[in-house]
Each structure stands twice: as structure tokens, then as C-alpha cells.
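So the structure is just underneath, and the comments pick up after that.
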Amino acid sequence: MTSNTPSRSTELRRRTPWEEFSLAPWSHRMRELMEDVFQGLPAGVDFAPGGELQETDDAFTVELDLPGVDKKDINIEMSDRRLTVRGERVVKEKEGVMRHSTRVTGTFSYEAILPCPIDEAKVSAALSEGVLTITMPKASEAKSTHITVK
């Protein structure tokens, strides 16, 4: 006896929209991305501050976001063309129990290799409103000169 109704094994099951959506293909890529982000930090460093490196005809300027960092906790070194900024953001003791915090604390490091020589004797740094500004004048032989065609 044959029936016109499909058997249970051949019957197509209706899928919900969520069954089509899966993060499985993305999980491997997300893991790689996170490894790339954290791989760039030197050993013993907890975070790298955000910042900018700008160039003018006469100097380079680095601005680093360091809110909550005391200037006594910042170490700046200039060696040849390499700028290194290291330090620590310290958690200040407070009363009570910390239940949740999203603040990044611990040691930090920032490094830049500049494309031309710097006049190391004239390098200056200032910390104002949580932004560290380092100005590095170019050495006289490194400054660009504009030449007018006659």
C-alpha cells in the first residue's frame, strides 16, 4: 500500500532563521585577530597607549593618551632615531570593594623609529590633561629645504 504523504526520512524540515546563522566560520578568524593584537606587546607590558606621531618640516611630535598616569611614572628615552616611552598606570587605593572596572592598569610601552636624525639635546616633553606630548626637533642636516625652480 502506497501513500501520497512523504515518509518521515524524506520529509523536509522547516528551518528557523537562527539555524542558518552561525558564528563557527568566524571564531577562528576572531581568535587570529586577538592574537595579532596582543602579540605586538613586549614581555612584561600590559598595554600600549593610543597616540599619534606627526611630522612637520622642523620636528616630529608624539602625543600619547595617558590619563591617570603621574609624570613620575613615565620614562622617556631617545637613542639615535628610536623613541621609547615606558611607564606604569597605578591603581590608587580606595575604600570599599571594587566590583567592576574597565580601566586598563599596569605597565605600558610605546616605541617609534623616526625616519631621520633628531637633535636629542632639544627634545622636550610635557604632560597636560592626560596627554603626553613629546617634541623632537630634526637635526639640522635632516631638515628639508624647499628649492624654487628658476
Side-chain angles (χ1 to χ4, degrees), residues 11-150:
E11 183 178 331
L12 295 176
R13 185 172 65 86
R14 173 180 260 178
R15 291 182 179 220
T16 65
W18 294 112
E19 287 178 308
E20 295 296 323
F21 180 77
S22 171
L23 291 177
W26 294 97
S27 64
H28 178 69
R29 181 67 186 123
M30 279 302 278
R31 186 172 49 254
E32 285 178 349
L33 179 64
M34 294 305 288
E35 287 172 0
D36 289 346
V37 167
F38 291 107
Q39 179 180 3
L41 296 176
V45 174
D46 297 314
F47 71 98
E52 298 174 337
L53 171 62
Q54 297 175 337
E55 179 181 7
T56 63
D57 289 340
D58 299 327
F60 292 95
T61 302
V62 170
E63 290 183 347
L64 298 177
D65 297 331
L66 297 174
V69 177
D70 194 309
K71 57 180 145 182
K72 69 175 178 52
D73 295 325
I74 300 171
N75 180 26
I76 303 169
E77 293 181 13
M78 189 82 216
S79 176
D80 193 23
R81 296 180 304 131
R82 180 184 302 265
L83 169 70
T84 305
V85 181
R86 289 193 171 92
E88 185 173 9
R89 183 178 292 147
V90 181
V91 178
K92 296 181 176 49
E93 299 266 339
K94 297 178 183 175
E95 288 187 36
V97 176
M98 178 65 69
R99 297 292 183 192
H100 179 74
S101 177
T102 57
R103 290 183 172 161
V104 179
T105 59
T107 59
F108 62 86
S109 179
Y110 174 88
E111 203 168 78
I113 299 176
L114 304 172
C116 63
I118 299 301
D119 187 348
E120 294 182 23
K122 294 182 181 176
V123 174
S124 64
L127 182 65
S128 176
E129 297 183 11
V131 177
L132 175 66
T133 303
I134 305 168
T135 304
M136 301 160 285
K138 293 178 181 179
S140 58
E141 66 270 9
K143 292 181 183 175
S144 62
T145 305
H146 180 73
I147 301 167
T148 305
V149 178
K150 296 180 183 180

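In this chain, residues are counted from 1 in sequence order.
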By side-chain hydrogen bond (donor to acceptor under 3.5 Å, both in side chains), E93 pairs with (sequence neighbours left out) none
In short, side-chain hydrogen bond (donor to acceptor under 3.5 Å, both in side chains) pairs touching residues 72-83 with sequence neighbours left out are N75-E77, R82-E111
For A139, does its backbone N or O pair with a side-chain atom of K122 as donor and acceptor, under 3.5 Å? no
Sequence neighbours excluded, the answer for side-chain contact (heavy atoms from CB on, under 4.5 Å) partners of E120 is M78
Heavy-atom nearest pair, R89 first then P67, reads NE-O, 3.0 Å
Across all chains, not counting sequence neighbours, the side-chain contact (heavy atoms from CB on, under 4.5 Å) partners of P115 are F60
S109 and P49 have their tightest heavy-atom pair at O-CD, 3.6 Å
The salt bridge (charged side-chain N to carboxylate O under 4.0 Å, His left out) partners of E88 (sequence neighbours excluded) come to none
In this structure, CG of L64 is separated from CG of L53 (nearest 0.5 Å) by 9.5 Å
For residues 127-137, which side-chain donor-acceptor pairs fall under 3.5 Å, sequence neighbours excluded?
none

Sorted by chain and number, sequence neighbours left out, ring-ring contact (aromatic ring centres under 6.0 Å, His included) with F108 holds for F47
- Query: Just wondering, do V85 and I74 contact through their side chains at under 4.5 Å, heavy atoms?
  - Reply: yes
Hits for salt bridge (charged side-chain N to carboxylate O under 4.0 Å, His left out) against K71, two or more places apart or cross-chain, chain-then-number order -> none
Quick note, salt bridge (charged side-chain N to carboxylate O under 4.0 Å, His left out) partners involving residues 59-69, not counting sequence neighbours, are none
